[in-house]
Amino acid sequence: QVQLVESGGGLVQAGGSLRLSCAASGRTFQSYAMAWFRQAPGKEREFVAAISRGGAITNYADSAKGRFTISRDGVRYTAYLQMSNVKVDDTGVYYCAAGMNSPSSRRNDYNYWGQGTQVTVSS
């Protein structure tokens, strides 16, 4: 059992930056690949980015490439999503997820989920 708690969401203007954090419980953080998903109003939850257990391998959705960076801190048991040059279409609830597989883009590959943090991008 793992608990994930997201933070860092808020209101940001288009073109600006925001950093999301995901704090994980326990010392087994290193055993899990971590990922970020998001869900816009009326839309399905979609993949944003993922990172391997050791942090050497990353995986990004096309919409995130070149703008977002996923990272992790093994000492603090925390994963991050650095969002730059944000767009209005980036608006949604962002969810942190943890799973035992490689940094997958599939929702079913993740066993644990946070409660989400709202990101709103204004024009």
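Sequence positions, counted from 1, serve as the residue numbers for this chain.
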Aromatic F47 / basic R107 pairing, under 6.0 angstrom, 45° off normal = no
remark   = All heavy atoms of V121 vs all of T91, minimum pair found to be N-OG1, 2.9 Å
W113 ring center within less than 6.0 Å of F37 ring center = yes
query = Which value, rounded to the nearest 0.5 Å, describes the distance between D89 atom CG and S63 atom OG?
reply = 9.0 Å
task = Verify the neighbour count for atom CD of Q39: are there more than 12 heavy atoms of other residues, nucleotides or ligands below 6.0 Å?
result = yes
key: Minimum heavy-atom distance Y110-A33, with the two atoms named   = CE2-O, 4.1 Å
message = Given 3.5 Å as the limit, does a donor-acceptor pair link the side chain of S102 with the main chain of S104, or not?
response = no
Rounded distance [0.5 Å steps], CG in L20 versus OH in Y94 = 7.5 Å
message = Closer than 3.5 angstrom, by distance alone: can the side chain of Y60 be matched with the main-chain N or O of I70 as a donor-acceptor pair?
response = yes
Under-4.0 Å salt bridge between K65 and D62 = yes
request  = Kindly check if the number of other-residue, nucleotide or ligand heavy atoms within 6.0 Å of CD (E46) is above 12?
outcome  = yes
query = Is there a chain of hydrophobic side chains (I, L, V, M, F, W, Y, each step under 4.5 Å between heavy atoms) that links Y112 to V93?
reply = no
message = For the backbone of S84 and the side chain of S17, can you confirm whether one donor and one acceptor N or O come within less than 3.5 Å of each other?
response = no
message = What I'd like to find out is whether the side chain of C22 reaches to under 4.5 Å of the side chain of W36, using heavy atoms alone.
response = yes
ask   = Any sub-3.5 Å donor-acceptor pair from Y32's side-chain atoms to N101's backbone N or O?
value = no
task = Measure the CG-CG distance between D90 and N85 for me, rounded to the nearest 0.5 Å.
result = 8.5 Å
query = Is it the case that one hydrophobic cluster holds both Y80 and V2, taking links as side-chain heavy atoms less than 4.5 Å apart, direct or via other members?
reply = no
ask   = Judged by atom type as modelled, is there a donor-acceptor pair below 3.5 Å linking the side chain of T120 to the main-chain atoms of L11?
value = no
message = Atom CD of residue position Q118 - does it have more than 12 heavy atoms of other residues, nucleotides or ligands inside 6.0 Å?
response = yes
ask   = Counting distance only, does the side-chain N/O of T117 pair as donor-acceptor with the main-chain N or O of G9 below 3.5 Å?
value = yes
inquiry  = Tell me whether Q82 contacts the main-chain N or O of F68 through its side chain, where contact means a donor paired with an acceptor under 3.5 Å.
reply    = no
message = So E6 and Y95, do their side chains get closer than 4.5 Å, heavy atoms only?
response = yes
key: Sub-4.5 Å side-chain heavy-atom contact between M83 and V119   = yes
ask   = Are the side chains of I51 and P103 in touch, meaning some heavy atoms are under 4.5 Å apart?
value = no
Euclidean distance, Q115 CD relative to C96 SG, rounded to 0.5 Å = 11.5 Å
key: R72 side-chain N/O to S52 backbone N/O, donor-acceptor pair under 3.5 Å   = yes
request  = For residues Y77 and Q30, determine if any side-chain heavy atom of one lies less than 4.5 Å from a side-chain heavy atom of the other.
outcome  = yes
ask   = Quick one: does K43's side chain get under 4.5 Å of R38's, heavy atoms only?
value = no
